[in-house]
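Convention: sequence-line order gives letters A, B, ...; per-chain numbering from 1.
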Number of protein chains: 2
Amino acid sequence: MPKLTFFNLDPERRQAVLDASVEEFAKHPYEQASLSRIVDNCGIAKGSMYQYFEDKLDLYLYIVDLAYEQKRAYVGKAFSLEGDIFTVLEEYYWQSHLFAKDFPLLHQVANNFWDSRVLLPQIEEGRIDRARDFSKFLEEAIASGKANPDLDPQAVFFVYHAVGKDLVDEFERGTNGEFIREVLDVLRYGLQVRREV
Amino acid sequence: MPKLTFFNLDPERRQAVLDASVEEFAKHPYEQASLSRIVDNCGIAKGSMYQYFEDKLDLYLYIVDLAYEQKRAYVGKAFSLEGDIFTVLEEYYWQSHLFAKDFPLLHQVANNFWDSRVLLPQIEEGRIDRARDFSKFLEEAIASGKANPDLDPQAVFFVYHAVGKDLVDEFERGTNGEFIREVLDVLRYGLQVRREV
DNA sequence: TTTTTGTATGACCACCCAGTCACATCCTGT
DNA sequence: ACAGGATGTGACTGGGTGGTCATACAAAAA
């Protein structure tokens with residue numbers, strides 16, 4: 001967490017620090033991001049940064065938090081939706097996409113986070129949280145006869161996690177809603193031909 | 001490509017250079033890998049490295065090439081297999097898994113390559129190549145009535161690419177053949193219940 | 001024997017990094 | 001007017017990086 005000094009700051013100055021930091025961590029993963037570049041880009045002294053934050057990691061985790069806070073404001077809408085698991089998933093990725101469009105830099109910060117090599121414990125923790133949420137969701141869908149009960153739930157989560165991650169990456173290249181729907185259709189219907197009753 | 005000097009080298013010395021380089025590029029992505037550490041670990045002088053290779057990138061690309069050459073020796077078997085697309089895919093990932101088990105360092109080198117930030121053109125090129133191969137394969141499967149013709153081929157490739165990448169990452173955590181099959185089943189049958197005739 | 005050629009070496013260069021600290025500045029309460 | 005706390009500063013430290021180069025050695029060619 002930032003030190004108190006940071007919150008006492010002149011808002012304009014504080015925003016300049018945030019903007020420069022977000023930009024740096026959007027362009028570079030944690031290990032390659034440079035504090036020197038950040039202070040150059042917002043025109044404050046190196047020493048000042050250490051009045052506001054404990055160290056580079058403290059700043060980084062704060063910025064990542066900001067990004068995810070904003071992202072939750074978008075994707076959260078999906079979960080309050082009435083509808084089956086397929087509707088919710090489509091809305092989830094659609095909201096992710098809108099977030100990426102509205103806050104491209106925050107989106108990149110959030111994405112870079114998963115590639116980091118120093119923060120493996122935090123990343124693993126996040127994965128486990130998501131897996132738990134997802135499996136509860138999946139169980140309901142199976143119970144209500146919407147989802148295929150023959151599939152291994154762990155494997156299902158694995159597939160959705162992998163595809164979701166790349167889908168979100170793809171947003172930087174201007175994916176549209178149509179593509180999201182087509183990708184989800186692949187996951188929904190499977191590659192093998194269906195000869196339903 | 002390495003300079004001639006490298007190939008004229010005493011094989012033992014050459015192997016020491018290769019071993020140390022593979023280890024470094026397995027542990028660290030290109031940008032964070034350190035030439036100084038490599039020369040320390042194989043006990044040769046920094047200057048010698050520049051008798052063998054143009055620069056860090058030259059060395060790196062050579063090591064990546066070695067890794068992929070070895071990997072092709074494994075996954076290549078899948079394509080010479082008789083059987084439908086599902087059989088081939090399962091064999092493909094199974095061979096990837098065996099490769100990762102037999103050559104864990106080379107496997108990591110190959111995997112790190114996709115995360116690199118300086119080599120985006122090469123990476124995109126590789127993706128396009130794989131997409132072309134895959135779509136030819138997919139068309140055959142659709143034509144012979146094995147694969148669902150209603151799906152968008154681009155989306156299908158996208159899903160398989162994403163899942164394949166993560167599946168291969170997962171090998172480091174000791175995945176077994178069973179999990180590969182379960183993941184492929186998710187892709188094959190889809191999440192929605194099937195009520196086949 | 002002398003010369004040329006190929007190779008090995010590590011001190012050295014310029015540059016970048018995160019983080020520190022002695023000092024300057026400003027503001028507020030007395 | 002003064003004191004004292006909060007804030008701003010940038011030169012500096014110690015350590016890392018990729019890459020260079022004069023020098024040394026060896027062996028083969030003259």
Side-chain angles (χ1 to χ4, degrees), chain A residues 1-64 109 112 116-119, chain B residues 1-64 109 112 116-119:
Chain A
M1 279 294 281
K3 299 183 184 173
L4 258 165
T5 313
F6 183 66
F7 297 109
N8 295 339
L9 227 52
D10 168 43
E12 204 169 309
R13 190 180 169 91
R14 188 167 60 223
Q15 196 57 48
V17 170
L18 289 179
D19 288 347
S21 303
V22 166
E23 190 181 334
E24 180 70 12
F25 290 122
K27 277 192 193 150
H28 308 277
Y30 173 72
E31 293 86 347
Q32 276 143 257
S34 154
L35 261 171
S36 306
R37 269 195 302 256
I38 293 177
V39 299
D40 284 355
N41 285 341
C42 63
I44 69 166
K46 186 92 158 269
S48 296
M49 214 61 184
Y50 288 86
Q51 305 266 15
Y52 310 149
F53 299 92
E54 291 296 336
D55 51 22
K56 186 184 171 183
L57 185 60
D58 186 32
L59 167 62
Y60 178 63
L61 291 179
Y62 182 62
I63 299 292
V64 168
V109 169
N112 285 346
S116 154
R117 297 197 160 225
V118 271
L119 309 163
Chain B
M1 279 295 282
K3 300 183 184 173
L4 258 165
T5 313
F6 183 67
F7 297 108
N8 295 340
L9 225 52
D10 169 42
E12 203 169 309
R13 190 179 171 89
R14 188 167 60 223
Q15 197 57 47
V17 169
L18 289 179
D19 288 347
S21 303
V22 165
E23 189 180 335
E24 180 70 10
F25 290 122
K27 276 193 192 151
H28 308 277
Y30 173 72
E31 293 86 346
Q32 275 142 258
S34 156
L35 260 170
S36 306
R37 270 197 301 257
I38 293 177
V39 298
D40 284 356
N41 286 340
C42 64
I44 69 167
K46 187 93 156 270
S48 295
M49 214 59 182
Y50 288 86
Q51 305 266 15
Y52 309 149
F53 298 92
E54 291 297 335
D55 51 23
K56 186 184 171 183
L57 185 61
D58 186 32
L59 167 62
Y60 179 62
L61 292 179
Y62 182 63
I63 299 293
V64 168
V109 168
N112 285 345
S116 156
R117 299 197 159 226
V118 273
L119 310 164

How far apart are the C-alpha atoms of B/Asp40 and B/Arg37, what are their side-chain angles, what is the distance that settles it, and do they pass the side chain to side chain contact (heavy atoms under 4.5 Å, CB included) test?
-> CA-CA 5 Å; B/Asp40 284 356; B/Arg37 270 197 301 257; 5.5 Å; no
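- Taking atom CZ of residue A/Phe53 and atom P of nucleotide C/dT20, one finds them 16 Å apart after rounding to whole Å.
- Counting only heavy atoms from C-beta on, A/Ser34 has its side chain closest to C/dA18 among C/dA18, C/dT7, D/dG19.
- For A/Lys46, taking side-chain heavy atoms from C-beta onward, the closest of the listed nucleotides D/dG19, C/dT20, D/dG8 is C/dT20.
- Counting any heavy atom pair closer than 4.0 Å across all strands shown, B/Tyr52 reaches sugar-phosphate atoms only and no base atom.
- At least one donor-acceptor pair under 3.5 Å links the side chain of B/Glu31 to the backbone N or O of B/Arg117.
- In this structure, A/Tyr50 and B/Ser48 both approach DNA chain C, and ranking their closest nucleotides by distance from the 5' end singles out B/Ser48.
- An end-to-end axis angle of 30° holds for the helix from C/dT1-D/dA30 to C/dT30-D/dA1, taken from five base pairs per end and rounded to 10°.
- The interatomic distance linking A/Glu31 (CD) with D/dG16 (C1') rounds to 15 Å, in whole Å.
- Note on ring orientation: taking the six-membered ring where Trp is involved, the planes of B/Phe7 and B/Tyr62 are perpendicular (angle over 60°, cut-offs 30° and 60°).
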Might you work through the side chain to side chain contact (heavy atoms under 4.5 Å, CB included) test for B/Val17 and B/Ile38, ending with a clear yes or no?
-> CA-CA 8 Å; B/Val17 169; B/Ile38 293 177; 5.7 Å; no
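- With the nearest nucleotide of DNA chain C identified for both B/Gln51 and A/Ser36, B/Gln51 has the one nearer the 5' end.
- Rounded to whole Å, the distance from CZ on A/Phe6 to P on D/dA6 is 19 Å.
- Atom NZ of B/Lys27 has 12 or fewer heavy atoms from other residues, nucleotides or ligands within 6.0 Å.
- Atom pair B/Leu9:CG and D/dA27:P shows a separation of 15 Å (rounding to whole Å applied).
- The one candidate from A/Arg13, A/Arg14, A/Lys3 that meets the side chain to side chain donor-acceptor pair (under 3.5 Å) condition with A/Tyr52 is A/Arg13.
- Residue A/Lys56 is in sugar-phosphate contact alone, with no base atom involved, counting any heavy-atom pair closer than 4.0 Å across all strands shown.
- Taking every heavy atom of both residues into account, A/Ala16 and A/Cys42 meet most closely at O-CB, 3.5 Å.
- The distance from atom NE2 of A/His28 to atom C1' of C/dC16 is 13 Å, rounded to the nearest whole Å.
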Please lay out, stage by stage, how B/Leu59 and B/Phe25 fare under the test side chain to side chain contact (heavy atoms under 4.5 Å, CB included).
-> CA-CA 10 Å; B/Leu59 167 62; B/Phe25 290 122; 3.9 Å; yes
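- When rounded to the nearest whole Å, the span between CG of A/Asp58 and P of C/dG19 equals 10 Å.
- Regarding A/Leu35, its CG atom lies at a distance of 16 Å from the P atom of C/dC16, rounded to whole Å.
- Contacts between residues 13-24 of chain B and DNA chain D, defined by a heavy-atom separation under 4.0 Å, are absent.
- For A/Asn8 and D/dA6, the shortest distance from a side-chain N or O to OP1 or OP2 is not below 4.0 Å.
- In this structure, the side chain of B/Glu24 does not engage the main chain of B/Leu35 through any donor-acceptor pair within 3.5 Å.
- Distance, A/Ile44 CD1 to C/dA24 P: 21 Å, rounded to whole Å.
- In this structure, B/Thr5 does not reach the C/dG6 phosphate: none of its side-chain N or O atoms is under 4.0 Å from OP1 or OP2.
- Shown here are the side chain to side chain contact (heavy atoms under 4.5 Å, CB included) partners of A/Asp58, two or more places apart in sequence or in another chain: A/Phe53, A/Glu54, A/Asp55.
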